[in-house]
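Just the heavy atoms: all of them, side chains too, but no hydrogens, waters or symmetry mates, feed the values below. The chains referred to below are lettered A, B, ... by the order of the sequence lines, with proteins before strands, and numbering in each begins at 1.
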Amino acid sequence: MNHSFQSQGNSGVLSLSGSLTIENIAQLKSAVSEALQASDHVTLDLSGVESADICSLQLFCSAHRTGARSGKIVELARAGEGFEASVGEAGFGRHVGCASGNSCDCLWIDRSGEKAGVAP
Amino acid sequence: MNVSEQHKEAFREEAYELLAELESALLELEENPDDQEMVGRTFRAMHTIKGSGSMFGFTDIAEFTHDVETVFDKVRGGLMSVNRELIDSTLKSCDLIRAMLEGGGSVDEAEKNRLRGIFSALSRSGSEQGTASASPASAAQTAGRSSSEKTYRIRFKPCREIYLTGTDPVLLLNELRELGECRVVAHLDEIPALEDMDPERCYTYWDCILTTSRDENAIRDIFIFVEEDSELRIDMIDESGGLLDEPAQKKLGEILVERGELTPEDMARVLQGKKRFGELLVESGLANPSQVEAALAEQQQVREVHQRRQNSDVASSIRVPSDKLDILVNLVGELVTVQARLSQTAAMKNDSHLTLIAEEVERLTSELRDSTLNIRMMPFGSTFGKFKRLVRDLSNDLGKEVEMITEGANTELDKTVIERLNDPLVHIIRNSIDHGIEAPEARQAAGKPRQGTVRLTAEHSGDCVFITIQDDGAGLDKDAIRAKAVEKRLIPESAELTDKELFGLIFAPGFSTAKKITGVSGRGVGMDVVKQAIEALRGAIEITSRKGEGTTITIRLPLTLAIIESLLVKIGNDRYVLPLSFVEECIVMTRKEMEESHGKDLANVRGHMVPYIPLRSRFELTGDAPDIQQVVITHIDGERIGLLVDTVIGEHQTVIKSLGRAYRDVHGISGATILGDGTVALILDIPQLVKWG
Amino acid sequence: MAHTLLIVDDSASMRQMVSFTLKDAGYDVISANNGKDALTKVDNAKISMVITDLNMPEMDGIELIKQLRGKPGFKFIPIVMLTTESQDSKKLAGKQAGASGWIVKPFKPDQLLDTVRKFVK
């Protein structure tokens with residue numbers, strides 16, 4: 001996994017690439033926490049992500065909720081096939097967002113999860 | 001055969017099946033004239049015969065069937081009722097249609113005109129006697145229950161430390177997906193805020209909705225290593241055996257209430273609003289989004305499974321001409337032979353890579369063999385209709401009252417076995433009704449019910465099927481049998497026989513105890529022919545009887561004819577195959593032991609003397625026997641008889657090849673097989689060997 | 001990229017059978033005779049999964065599991081023990097040491113591969 005953070009005013013982009021696995025979850029957590037502290041609007045650029053395991057998915061979920069509590073926004077952007085497939089495998093995709101944040105900006109709404117979640 | 005001939009042939013096949021179905025429906029109807037399902041079936045069968053008949057050029061059949069169909073349409077509409085005469089005429093019509101299908105001038109024109117007259121009169125009248133009380137047949141009864149798929153709800157909540165034991169839950173979810181159609185919804189409500197989170201722990205848990213033909217254990221096996229530390233709950237929520245007309249599709253709220261995630265009161269309250277139920281629940285905080293999501297997934301999956309099931313009922317089976325199946329079985333037979341050669345070659349080469357491939361081929365071949373043979377299996381019940389008809393007609397002719405009870409309709413047997421079983425069974429049932437069951441008055445005088453019973457049952461046991469024909473008639477007359485056997489010089493006058501031996505005489509050639517020849521039982525081509533036919537199927541037949549109480553005939557048959565388990569033996573340079581079903585054990589025989597028995601051909605099996613047939617001399621083989629030979633002890637008709645061979649090689653899976661016409665009269669050999677090394681081994685016909693030995 | 005699996009067993013025929021099966025299925029295999037031997041062989045390799053016998057000279061399987069779990073890079077690696085039917089207490093000890101699962105001897109190649117696929121993508 002590689003990561004880099006760029007900020008502009010109140011927003012920042014955390015670019016991630018490679019495989020997001022438990023081996024480097026501690027690294028990912030601190031990167032996400034730092035980004036959330038530095039900006040009010042964090043965009044996670046996933047274009048270089050090949051796969052993500054459950055630990056990283058639940059970390060994103062947590063970041064989103066943690067941000068929402070203090071009025072900050074966390075969103076996912078430029079997710080590729082690999083990431084979407086991981087979301088589907090883990091069963092994270094859904095139709096109804098979570099009540100803890102702003103229900104309509106849930107990270108997992110209408111992701112391809114439903115399709116990927118069903119075995120061919 | 002040109003295309004239109006092919007279609008004609010296909011129609012004939014279909015029509016024969018429809019006629020058989022029609023007959024059984026009519027017989028049911030005779031007992032329950034108000035059975036609307038049977039009325040519907042009769043009508044539909046006639047309707048199909050008429051429609052397809054006219055399409056494929058059987059206009060005579062179409063014309064004839066028209067009025068019959070009209071009459072049953074009236075019955076179906078409640079305008080006419082079923083009575084004995086109608087059933088009689090319709091059954092006769094079935095015979096006539098069959099004759100028309102066969103063509104070639106076998107149609108009885110007078111009978112045809114008579115029946116046409118009856119049905120055309122019925123189809124024009126009828127309406128005046130109608131009571132319109134019966135309800136029309138419902139179309140929903142065609143609904144089948146073809147698949148055995150079940151839908152499970154699996155709640156999997158791994159322990160938080162699951163990653164620290166080297167297990168990735170996603171791989172377990174993927175394994176679940178391999179079992180069948182699976183929807184997976186992750187529950188995210190326990191994921192804490194960043195500062196409280198140990199990112200190496202698993203806060204996620206899952207609800208999976210799985211539709212599979214595997215059982216709960218297969219699901220549990222996936223979680224075998226983590227089950228102890230995890231929360232795992234598996235509930236069956238839908239079964240394909242369930243009735244279709246039941247309102248099976250649950251509403252979202254019902255699913256949540258069933259799971260205990262929502263109280264019924266809350267549900268009622270929320271339902272008063274107008275928004276989508278799921279959103280309402282989340283907004284009002286009564287359910288969290290994951291719960292709603294999982295319930296939605298369940299709802300959708302069950303709906304889809306039901307949909308698919310309805311669609312698949314239409315196309316879940318296909319019709320294949322049986323000769324195509326025969327070709328398939330032959331090919332599989334060849335394959336089994338070649339596979340045996342491959343395994344042998346691999347073993348000789350001592351090449352572990354080749355051995356691995358050979359083992360794989362062996363596994364696949366045996367699966368292929370099993371499923372191919374399985375395709376040829378038919379339920380024995382498909383013949384019941386015919387036998388019921390036989391019983392009905394015979395008892396009418398003889399003025400007896402006989403009811404036939406059938407059991408084990410679902411017992412499956414090889415198609416060829418069922419076909420070749422027909423004549424023997426007809427013969428046995430005829431005997432039961434003709435000689436077994438007494439006239440109603442005689443039965444009453446003996447304190448029995450007027451109506452006699454013939455019970456035909458089929459049941460599985462191991463790799464055999466037992467078919468029994470049991471009547472509650474007069475039973476066998478031992479004295480008559482004895483007198484007859486003495487008269488026919490089958491036994492000396494002074495012979496002392498057990499019941500079993502005495503009854504066994506019935507199967508002796510040319511034996512018949514009927515005092516006069518009736519049109520029913522034929523002319524003494526009695527039970528010996530039946531026995532031969534059963535033995536040709538590599539089966540066995542046994543008879544037990546009690547005077548005044550009845551007779552039971554038990555037929556034991558192998559499940560299939562094409563491939564058998566067998567014992568491979570060697571005599572001289574030749575190898576022979578013995579069907580394993582006859583074999584009891586093998587014993588060793590030294591030259592010394594043979595000399596001690598003074599040429600009497602008796603083997604000492606743990607103190608019991610068992611006669612044996614020395615096959616080497618029986619087959620007139622040259623050369624000397626080895627010093628140590630082996631006796632294969634077989635079991636035939638309750639007798640133990642040995643076969644002396646040079647060596648026993650071992651068990652063998654034998655693909656049966658017929659020997660062709662030239663060898664038809666050779667006794668003691670029932671066929672041949674090709675061994676792994678490409679040489680031929682003869683299959684010994686043990687009952688014949690013993691008889692001629 | 002092929003996964004590399006480590007097989008640890010003091011029986012040469014067992015090592016051969018396991019590694020033959022795994023290689024045939026497309027995995028890379030490193031074999032070791034016992035726990036001690038294994039520890040010397042893992043340092044420079046990225047291992048995806050460990051399959052280890054329990055009763056071995058020099059260092060047994062339980063100790064190997066404990067040591068591996070203490071090494072960086074082995075914290076989340078699946079470690080499967082080869083046990084016999086009667087070794088329930090060993091199985092428990094292995095789990096406590098951090099084993100992910102077990103395969104009961106004797107086993108067939110297919111069973112081995114099924115278990116490996118449970119842990120390695």
Side-chain angles (χ1 to χ4, degrees), chain A residues 20-37 51-70 74 85-101 103-104 106-109 113-120, chain B residues 156 158 162-164 166 168-171 173-210 276 278-279 281-294 296-297 300-301 304:
Chain A
L20 312 183
T21 64
I22 190 162
E23 259 88 24
N24 30 46
I25 194 73
Q27 221 182 326
L28 181 66
K29 188 191 171 188
S30 47
V32 170
S33 305
E34 278 162 31
L36 202 56
Q37 262 158 25
S51 67
D53 66 4
I54 286 164
C55 289
S56 37
L57 296 179
Q58 66 183 18
L59 182 71
F60 294 159
C61 201
S62 168
H64 174 257
R65 281 180 204 172
T66 312
R69 227 177 28 194
S70 46
V74 174
S86 298
V87 173
E89 272 192 331
F92 270 52
R94 59 210 47 237
H95 300 95
V96 185
C98 122
S100 67
S103 144
C104 52
C106 166
L107 300 179
W108 316 114
I109 283 189
E114 190 189 317
K115 254 186 237 147
V118 178
Chain B
F156 172 47
I162 185 165
Y163 273 105
L164 299 171
D168 185 349
V170 163
L171 294 179
L173 298 175
N174 284 344
E175 272 192 76
L176 264 186
R177 291 179 170 109
E178 280 171 19
L179 293 185
E181 186 178 334
C182 185
R183 276 189 163 73
V184 176
V185 174
H187 287 281
L188 310 175
D189 53 294
E190 292 192 7
I191 300 177
L194 274 181
E195 59 269 26
D196 302 324
M197 185 182 211
D198 176 351
E200 289 175 2
R201 287 169 189 256
C202 183
Y203 298 96
T204 312
Y205 59 100
W206 289 268
D207 270 340
C208 307
I209 309 298
L210 172 69
R276 286 182 67 179
E279 289 167 33
L281 279 174
V282 175
E283 267 175 33
S284 57
L286 288 171
N288 72 45
S290 312
Q291 289 169 346
V292 174
E293 198 66 38
L296 276 171
Q300 196 169 351
Q301 176 126 348
E304 281 178 20

Taking every heavy atom of B:Trp206 against every heavy atom of A:Ala90, the minimum-distance pair comes out as NE1-O, 2.6 Å
Roughly how far, to the nearest 0.5 Å, is the [atom2] atom of [Y] from the [atom1] atom of [X]?
X        : Y        : atom1 : atom2 : value
B:Met197 : A:Gln58  : CE    : CD    : 4.0 Å
B:Ile191 : A:Ser62  : CD1   : OG    : 7.0 Å
B:Asp168 : A:Ile22  : CG    : CD1   : 8.5 Å
B:Tyr163 : A:Thr21  : OH    : OG1   : 9.5 Å
A:Trp108 : B:Leu188 : CH2   : CG    : 8.0 Å

Pick from A:Ser56, A:Ser33, A:Ala63 with the largest number of heavy-atom pairs that fall under 4.5 Å of chain B
A:Ala63
Between A:Ile25, A:Ile54, A:Leu57, which residue shows the highest count of heavy-atom pairs closer than 4.5 Å to chain B?
A:Ile54
Quick check on B:Asp189 against chain A: is it the side chain, the backbone, both or neither that has a heavy atom closer than 4.5 Å?
backbone
From the list B:Thr204, B:Val185, B:Leu173, the residue making the most non-hydrogen contacts under 4.5 Å with chain A is B:Thr204
Quick check: do B:Pro199 and A:Leu28 have side-chain heavy atoms less than 4.5 Å from each other?
no
Less than 4.5 Å apart, any side-chain heavy atom of A:Glu89 and any of B:Asn174?
yes
Using 4.0 Å as the upper bound for N to carboxylate O, is an ion pair formed by B:Glu195 and A:Arg69?
yes
Can you say whether A:Leu36 sits under 4.5 Å from chain B via the side chain, the backbone, both, or neither, judging by heavy atoms?
side chain
Please report the C-alpha distance between B:Leu194 and A:Leu59 in whole Å, then the side-chain angles of each, then the deciding distance to 0.1 Å, and finally whether the side-chain contact (heavy atoms from CB on, under 4.5 Å) criterion is met.
CA-CA 7 Å; B:Leu194 274 181; A:Leu59 182 71; 3.6 Å; yes
Report the C-alpha distance between A:Asp53 and B:Val170 in whole Å, list the side-chain angles of each, state the deciding distance to 0.1 Å, and finish with yes or no for side-chain contact (heavy atoms from CB on, under 4.5 Å).
CA-CA 8 Å; A:Asp53 66 4; B:Val170 163; over 6 Å; no
